[in-house]
Amino acid sequence: MSNQKIDNQAADNIRALSISMVEKANSGHPGGPMGGADFIHVLYSEFLRFDPNNPEWMWRDRFFLDPGHLSAMLYAQLHLVGNYSKEDISNFRQWGSVTPGHPEVDHKRGVENTSGPLGQGHAMGAGAALAGKFLQAKFGDWTDHTIYAFISDGGIQEEISQGIGRIAGYLGLSNLVMFFDSNDVQLSTYTKEVTAEDTGKKYEAWGWNVVEIDGHEHDAIRKALTDAKAQTERPTLIIGKTIMGKGCVDADGNPYEGYSELHGKPIGGTGADYNKTLEALGADVNDPFAVYPEVADFYKTILEKKSKEAAEHNELEKSWRASNAELAAKLDLFLSGDIPAIDFSTIPQKSNVASRDASASVLAYLAENVENIIVSSADLANSDKTDGFLKKSKAFGPHSFDANFLHAGVAEFSMAAMANGMALHGGVIPVVGTFFIFSDYQKPAYRLSALMELPVIYLWTHDAFRVGEDGPTHQPIEQEAQLRLLEKLKNHTGERSLLALRPADAAETTVAWEMALKNKKTPTGLIFSRQGIKDLPSAGSRFDDALQAKKGAYLVKSSADAKVTLVANGSEVATLVEAAELLEKDGVSVNIVSVISEGLFRDQDAAYQAEILGDLPKFGLTAGLPVTLEGLVGAGGKVFGLEHFGYSAPAGVLDEQFGYTGPKVYEQVKAFIK
């Protein structure tokens, strides 16, 4: 039975801690946390299943925060459950603290996701919910757990909410419960000056269960969460009408709530009074980061109860494992992030195919050998060739989760953000496919993949101007350079934040897939061609030669009397081979280097780099911006790249017009070495 007095004290304690963090830091967002305090307290104390002794417990419920600017609310709540110390929260937004301005994923402290860019947090929640449903379908109802998301007006307005609302409603992700903190206030204005939509009707149209409540009324919150947990067909949206800056008072002790200015700066700089507000909330002005004694005692009993519930569930898992040894071993493999032992050299490949087709061959093999891959495509499966996987697997549908392929519809951003949620959840390997040009739509998501160090695999096809007749809107030029920048950007672990692989033929494509699947440290981008590529020459096994791509770059052709080193990746390597044949007829020997990833190559020791690049003049060929290869050819080298948008014409015509044929590159190299 609830205790209204202690519940109010706990919510007020969260409010007091939140405004104190912001006030001390002189930076942050106090008003939203004050409005959301009632919901998050009821959720954590009564509904959220977690293990206080093991925050990374696999079968915990998960709380995905979308508005990262409400970080103070999350930190305050996690302080009450013991995950953050008093020192931690008092160092909010400071150098070296574990309480950054916007939350950064920290499973050991109960932070499920990095958030800040609005819309992506709840999208990750939807991805986690799909991963949960997938595992439940594979291993049974004992794995069932709930994903809770918290969204604000900003997240509802971000276009990504359209994709997530549609996909979650269509699939019937009944394990997804989202609280919409609807306080009518935005950072610089009020929502009535921005929108007049009926949010509830919108989500109902997508197939959600929608309920609207007073977001400060604890019994209403309880009923809404209880009803949401009982849902078996639909995700739930709880629209909580809340008050921005709930609990603020002015210098005379009068309520000062609901104002836009309370959103994004310390309340001491608004019409509210910080000290008077602390007093009104029952806090000690001289010790604003204290947990109220009654609240501390209450949460002690809550944690004891949570520990007992987790222990009971662990016994349930133990019993299941005893009766299902083979399934348990499979589950452990899934959760490890590893793949089964695979001899990639045995995957059949045809000769001289587009790398997207070579990728399809690998995906067809993976569909039958790696059971926990989830492949998504943005309505392009037959063009990005993820249908190689689909043909040997099953697509998710409404309430149908024993599947491995997600038709995401035309929603590149939503799909990618959901993949981040799948990776955060664990147990699945997410792959997302679209055209390379539409990686622009995914940039916010793959940047967060890089920041969170998530092993999401991005599959991009139609990698260059050779998309042809579709014209400049569909022809990538600068996209590879953008990815290579992320290869140069270090993540917080000190690793290159993304691995970008553009293979030069079918053998390199197989090797690239192996590299991607075994890369558990960062996201991987696989960049594939639309058009056929001639296989690179080999004196023995082409696949064995291509294994050298695991070092980022290697010599495809080497001549003792070479006069120039030619450098490229992707389909341009085969063009260099064609040019080299013409050069050799003129008595000009060359070295050819295939560079699948400059970042990976730069991680090799200096001796290897020197061995591959040598000290000869270097000529680079790229279908993208010249900057893509300039770091490899050096100041004395030359890069022939594209420095303009493409045009609509057949691919072969564009190659001829832009200078990307063997004879034309031959002329370029001849001019360079003279």
Side-chain angles (χ1 to χ4, degrees), residues 64 119-134 137 147 149 155 158-173 175-176 178 203 205-208 235 356 359-360 363 366-367 372-391 393-425 428-446 448-449 454-462 523-526 528:
F64 280 79
Q120 292 197 63
H122 87 293
M124 292 182 237
L130 182 57
K133 286 287 192 184
F134 171 87
I147 308 300
E158 277 288 355
E159 293 91 335
I160 191 174
S161 68
Q162 154 91 19
I164 297 306
R166 172 182 59 77
I167 294 168
Y170 169 75
L171 292 174
L173 294 176
N175 59 339
L176 178 62
M178 185 159 74
Y203 276 83
W206 284 325
W208 289 58
R356 65 168 176 164
S359 170
L363 282 167
L366 295 175
N372 64 326
I373 290 180
I374 294 180
V375 176
S376 310
S377 182
D379 194 38
L380 289 168
N382 54 342
S383 288
D384 62 27
K385 296 301 179 182
T386 51
D387 64 355
F389 187 91
L390 177 59
K391 289 170 184 174
S393 62
K394 180 182 169 188
F396 292 103
H399 317 117
S400 177
F401 301 109
D402 187 13
N404 291 80
F405 194 95
L406 174 63
H407 286 294
V410 185
E412 293 87 356
F413 185 17
S414 298
M415 170 181 74
M418 284 184 68
N420 282 338
M422 295 180 207
L424 286 167
H425 180 279
V428 301
I429 300 170
V431 177
V432 290
T434 187
F435 288 173
F436 195 29
I437 193 71
F438 301 139
S439 65
D440 287 348
Y441 282 125
Q442 299 175 310
K443 173 66 191 300
Y446 72 70
L448 280 190
S449 305
L454 300 178
V456 176
I457 299 174
Y458 290 87
L459 184 158
W460 292 306
T461 69
H462 295 54
T524 303
L526 299 171
F528 298 133

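Quick caveat: nothing in here was measured; it's all calculated off a predicted structure. Residues take their numbers from the sequence shown, with the count starting at 1.
Put simply, the side chain of Phe64 does not reach to within 4.5 Å of the side chain of Met178, judged on heavy atoms. For the pair Ser161/His122, a side-chain contact is recorded, criterion being any heavy-atom separation below 4.5 Å from C-beta on. You'll find the side chain of Leu448 reaches within 4.5 Å of the side chain of Met124, heavy atoms only. The side-chain heavy atoms of Leu173 and Phe401, taken from C-beta on, include a pair separated by under 4.5 Å. Two residues are said to be in side-chain contact when any heavy atoms from C-beta on lie closer than 4.5 Å; Phe405 and Asp387 fail this criterion. Contact of the Leu390 side chain with the Val375 side chain is not registered, since no non-hydrogen atoms from C-beta on lie closer than 4.5 Å.
Applying the side-chain hydrogen bond (donor to acceptor under 3.5 Å, both in side chains) test to Asp384 and every residue at least two apart in sequence or in another chain returns Ser377, Thr386. With sequence neighbours excluded, the residues forming a ring-ring contact (aromatic ring centres under 6.0 Å, His included) with Tyr441 are Phe438, listed by chain and number. Qualifying salt bridge (Lys or Arg N to Asp or Glu O under 4.0 Å) partners for Asp440, counting only residues two or more places apart in sequence or in other chains: none. Listed by chain and residue number, nothing satisfies the ring-ring contact (aromatic ring centres under 6.0 Å, His included) test with His399 (two or more places apart in sequence, or in another chain). Taking Thr524 as the reference, Asn519 meet the side-chain hydrogen bond (donor to acceptor under 3.5 Å, both in side chains) condition, with sequence neighbours excluded. Under the side-chain hydrogen bond (donor to acceptor under 3.5 Å, both in side chains) criterion, Tyr203 pairs with no residue at all, not counting sequence neighbours.
Atom-to-atom distance recorded for Ile457:CD1 and Leu526:CG is 6.5 Å, nearest 0.5 angstrom. To the nearest 0.5 Å, the span separating CD1 on Ile164 from CD on Glu158 amounts to 12.5 Å. Atom CG in Asn372 sits 12.0 Å away from atom CE in Met422 (nearest 0.5 Å).
Here the shortest heavy-atom pairing between Gly409 and Arg166 reads CA-NH2, 4.2 Å. What you find for Gly433 and Met415 is that their closest heavy atoms are O-CE, 3.5 Å. Summarising the geometry of Ala411 relative to Ala378, their closest heavy-atom pair is N-CB, 4.2 Å, with the distance given to 0.1 Å. Scanning all heavy atoms of the two residues, the minimum distance from Gly207 to Pro235 falls at O-CD, 4.2 Å. Listed here is the closest heavy atom pair of Val428 and Ala131: CG2-CB, 4.1 Å. Heavy atoms only, all atoms of each residue included: Ala123 and Ala417 are closest at CB-CB, 3.6 Å.
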Exercise for review: Mind running side-chain contact (heavy atoms from CB on, under 4.5 Å) on Trp206 and Tyr170 for me, showing each step along the way?
Suggested key: CA-CA 7 Å; Trp206 284 325; Tyr170 169 75; over 6 Å; no
Check your understanding: Should Ser359 and Leu459 be marked as a side-chain contact (heavy atoms from CB on, under 4.5 Å) after you check the CA-CA gap, both sets of side-chain angles, and the distance that decides it?
Key -> CA-CA 9 Å; Ser359 170; Leu459 184 158; 3.8 Å; yes
**Study point:** Val431 and Phe389: CA distance, side-chain angles, deciding distance, side-chain contact (heavy atoms from CB on, under 4.5 Å) verdict
**Key:** CA-CA 11 Å; Val431 177; Phe389 187 91; over 6 Å; no
Point to revise | Full working for side-chain contact (heavy atoms from CB on, under 4.5 Å) between Lys385 and Leu363 | key: CA-CA 9 Å; Lys385 296 301 179 182; Leu363 282 167; over 6 Å; no
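The closest donor-acceptor contact from the side chain of Arg356 to the backbone of His462 lies at 3.5 Å or more, if one exists at all. No donor-acceptor pair under 3.5 Å is formed between the side chain of Trp460 and the backbone N or O of Gly525. A donor-acceptor pair is defined here as one N or O able to donate and one able to accept, closer than 3.5 Å; no such pair exists between the side chain of Asp402 and the backbone of Ala137. For the pair Asn404 (side chain) and Ile373 (backbone), a donor-acceptor distance under 3.5 Å is present. No donor-acceptor distance shorter than 3.5 angstrom exists from the side chain of Glu412 to the backbone of Thr434, with no hydrogens or angles considered.
For the pairing with Met418, the side-chain contact (heavy atoms from CB on, under 4.5 Å) check across Ile167, Ile160, Val432 returns one residue only, Ile167.
Note on ring orientation: taking the six-membered ring where Trp is involved, the planes of Tyr446 and Tyr458 are perpendicular (angle over 60°, cut-offs 30° and 60°).
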